[in-house]
Amino acid sequence: MHSNSYDLQDALTENRLLGLWRIMTGFRKLYFGAAASMGLAATAKTATYFLLRFFVDDILGEGRTEFPLLLIGLGFVGLALLEGGFTFNSGRLAARTSEGITLRLRNYLYDHLQRLSFTYHGNTGTGELVQRASSDVDTIRRFYSEQAIGVGRILLLFFINLAALLHLNWRLALLSVIAVPIILALSIFFFRKIATAYEAYQEQDAVLSTTLQENLSGVRVVKAFARQDYERDKFEVVNWGKFRRGRKLLLMHSLYWPTSDVICGFQMLGGLLVGALMTLNGIMSLGTYLAYAGMIVWIIWPLRNLGRLIVQTSMAMISYGRVAEVIRKEREPLMAGSHSPEDDLRGEIIFRDVSFCYGGGNPVLEEISFTAAPGQTVALLGPPGSGKTSLAHLLPRFYEFTSGSITLDGVDLNCYARRYLRNHIGIVAQESFLFSRTIRENVVYGVGRDVPDAAVEKAARAAAIHDSILELPDSYNTLVGEKGVTLSGGQKQRIAIARTLLKDPRILIMDDATAAVDAETEAAILASLEQLGAGRTTFIIAHRIHTVMNADLILVLDRGRVVQRGTHAELTEQRGYYRRIFELQARIEDELQQELRLA
C-alpha cells in the first residue's frame, strides 16, 4: 500500500486505542500474519513440552522401544526449527508493519505541517512540532514493533499453554493463574500513573527542544551580547524540569517491576511446589511435572511482560494524542476558490475599509482604503508595529481580513484560490531564508519548472548579485550553509530577491527587502526593479525615504490606520510623520557627507 494513500484524518478519534487501530489501515494483514506466526511458534514451544513428557514417561519410564531415540531427538530439533522459523517470520512481518506505519505517519505529518495556516505556525513553537514529528512518532513506532505484537504474542502463549495445562491437570492449571487478576489490576493502576507522568515528560521535552532550537538559531545574537552564561542558566532550569519529570516517570517503572516480580515469583514457586507434591504423591507423573514446569514459565513471565506492555502502551497512547492534535488541525484550503482567471492578472488592487486582527485580539488594521492601479508602485511607510507587513500579508491570503473588502482586478480576493494568488505574488521578506543547497537551487526554488542558466543569471543580475556569485569557488553551484550562513546578509538578501524576480510575479511585495544592503547596492536593485516593474504592481515596505520616494502612491500608517497618503512631492509639503522622517534622514545624510569631506 502506498504510504500516502490513506488520509490519517480518518484515524482521528477520542478513543486512542481505536485511533492506533485505525492507523494500522493497510497493514493489518501483515500484523495478523505476524500474530499467526507467533501463535504457531508458541504452539511449537508447547508441543516441545508434550514431547518431553512423552519421552520421560513413555520412553524412559516404561521402556517403550518402538520409538528410536534418534526420532525423538529429530522431533525436538524439528520443533525448535519450527519455533525459530515462525518467530523470525513474526518479527519480519512486525517490522514491516511498524516501519510502514511510521513511514506513512512521518510523510503525512511533514506534508500536513507545511499546509497548516500561518496563524497556527505563529502560535506553535518549532521545537514542539519537531518533538511531535520525531519523538512521539518514534514512540508510536515502538508500540507497533514491540507492544502491539508483544501483546498478541503474550496472549497466544498464555492461552495455548493454559489450554495445555488444563489438559495435563485442570486443578493445577487453575492454581497457576491466581496471580492473573492481581497483575492486571496492578498494570492498570500503573498504566494511569505512567500516562500522566509521560505526558508531563513529553511536554517538558518539547520545551527543552524549543529552547535548544531558539538558542542555536540565535547563536550569533547570543555571542554578540556575550549572553552565554544567561543562556546556560536558562537551559539548566528547563533541563532540570525535564530531569525531575523523567525521574518521576522512571520511579513509576521501577516500582512496577519489583512488585510484579515478587507476585509472579510467588505464583511460580507455589505452582512448582504444589506440582512437586502431586508428583511425590503419585497424582501426577514425572514427565507431566517436567512439562508443567516448562509451561508455567510461559504463563507467568509473559503475564509479567503483559503488564509491562500495558504500562508502556500508555506512552504510545499519549504520543498518539499529541500527534493527533496536530493532524486534527485544519489545513489551509489552497485550492478553494470560485474564480479562475482565464487571462493574466492585470494587478489592480482595491482596499475598501479593510480591518484585521490576529485571533480576535486588538485591531492591527482599521478601515484601510486605497487603490493600486496595474503597474503602480505603492509604498508603505510607518513606525514599527503600524501594520505595514500585516497589510501586505493579506494579499496572498496568509491571513483573512475581518471586515471590509479587497478586490483584485475587480474580483473579491476571497474568490481566488490561495495557491493561485501565491503563484502570482512574489514576496521578498526582510529576513530571507536560504536552504542548505546550491545557490542555483535557491534561486530557482520558487519557480517549479526547469529554468535555463541564462534566465537564472538574468534574475541574479537584476538583483545585483551575479558578479558576487561568480567570485565564489563553484559559482552558482556553491553550497550555502543553513540559512545561508556562509554568505553575508546583503548577499543572502539579493539571492532572495533574484529568487522572487525569476518567478516573474504580477504582484511584487518587497518587505523592507533592501534594509540589509548598502546604499550603492540598494540603488542598483531599485533601478533594476524599476525596469522590471513595467506592468507589475509593486508594494514596497521600507523605513528609508529614498527607497520609496519614486513610488506612485505612498501610504503612511500609524497604529493600523492610514494617516497620510500621496506622492513624495505631496507628502513633503504636508506636516506630519513623512516630512519629519524625510527631514531627519536628510539631515543625517548631510552631516555624514560633511564628515566625509572633512575626513
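Sequential numbering from 1 along the given sequence is applied to the chain's residues. Note: hydrogens, waters and symmetry copies are ignored here, and every other heavy atom, side chains too, is used.
Partners of R96 by side-chain hydrogen bond (donor to acceptor under 3.5 Å, both in side chains), not counting sequence neighbours: none found. Contacts of S98 classified as side-chain hydrogen bond (donor to acceptor under 3.5 Å, both in side chains), with partners at least two apart in sequence or in another chain: none. Take H121 and apply the ring-ring contact (aromatic ring centres under 6.0 Å, His included) test, not counting sequence neighbours, and it matches no residue. Partners of Y445 according to the ring-ring contact (aromatic ring centres under 6.0 Å, His included) rule, which considers only residues two or more places apart in sequence or in another chain, are F435. Contacts of A95 classified as side-chain contact (heavy atoms from CB on, under 4.5 Å), with partners at least two apart in sequence or in another chain: none. Listed by chain and residue number, E366, E367 satisfy the side-chain contact (heavy atoms from CB on, under 4.5 Å) test with R561 (two or more places apart in sequence, or in another chain). Residues forming a side-chain hydrogen bond (donor to acceptor under 3.5 Å, both in side chains) with S369 (at least two apart in sequence, or on another chain): D353. Under the side-chain hydrogen bond (donor to acceptor under 3.5 Å, both in side chains) criterion, R132 pairs with E128, E325, not counting sequence neighbours. In this structure, the ring-ring contact (aromatic ring centres under 6.0 Å, His included) partners of Y358, at least two apart in sequence or on a different chain, are F356, Y399. Checked against ring-ring contact (aromatic ring centres under 6.0 Å, His included), H568 has the following partners two or more places apart in sequence or in another chain: Y578, F582.
Sorted by first then second residue, the salt bridge (charged side-chain N to carboxylate O under 4.0 Å, His left out) pairs that include residues 371-394, not counting sequence neighbours, number zero.
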Throw together a table of side-chain donor-acceptor distances under 3.5 angstrom for residues 404-418, partners on residues two or more places apart or in other chains.
| residue | atom | partner | partner atom | Å |
| --- | --- | --- | --- | --- |
| D409 | OD1 | G347 | N | 3.0 |
| D409 | OD1 | E348 | N | 2.9 |
| D409 | OD2 | R346 | N | 2.7 |
| D412 | OD1 | N414 | N | 2.8 |
| Y416 | OH | L408 | O | 2.7 |
| R418 | NH1 | P333 | O | 3.4 |
| R418 | NH2 | E400 | OE2 | 2.9 |

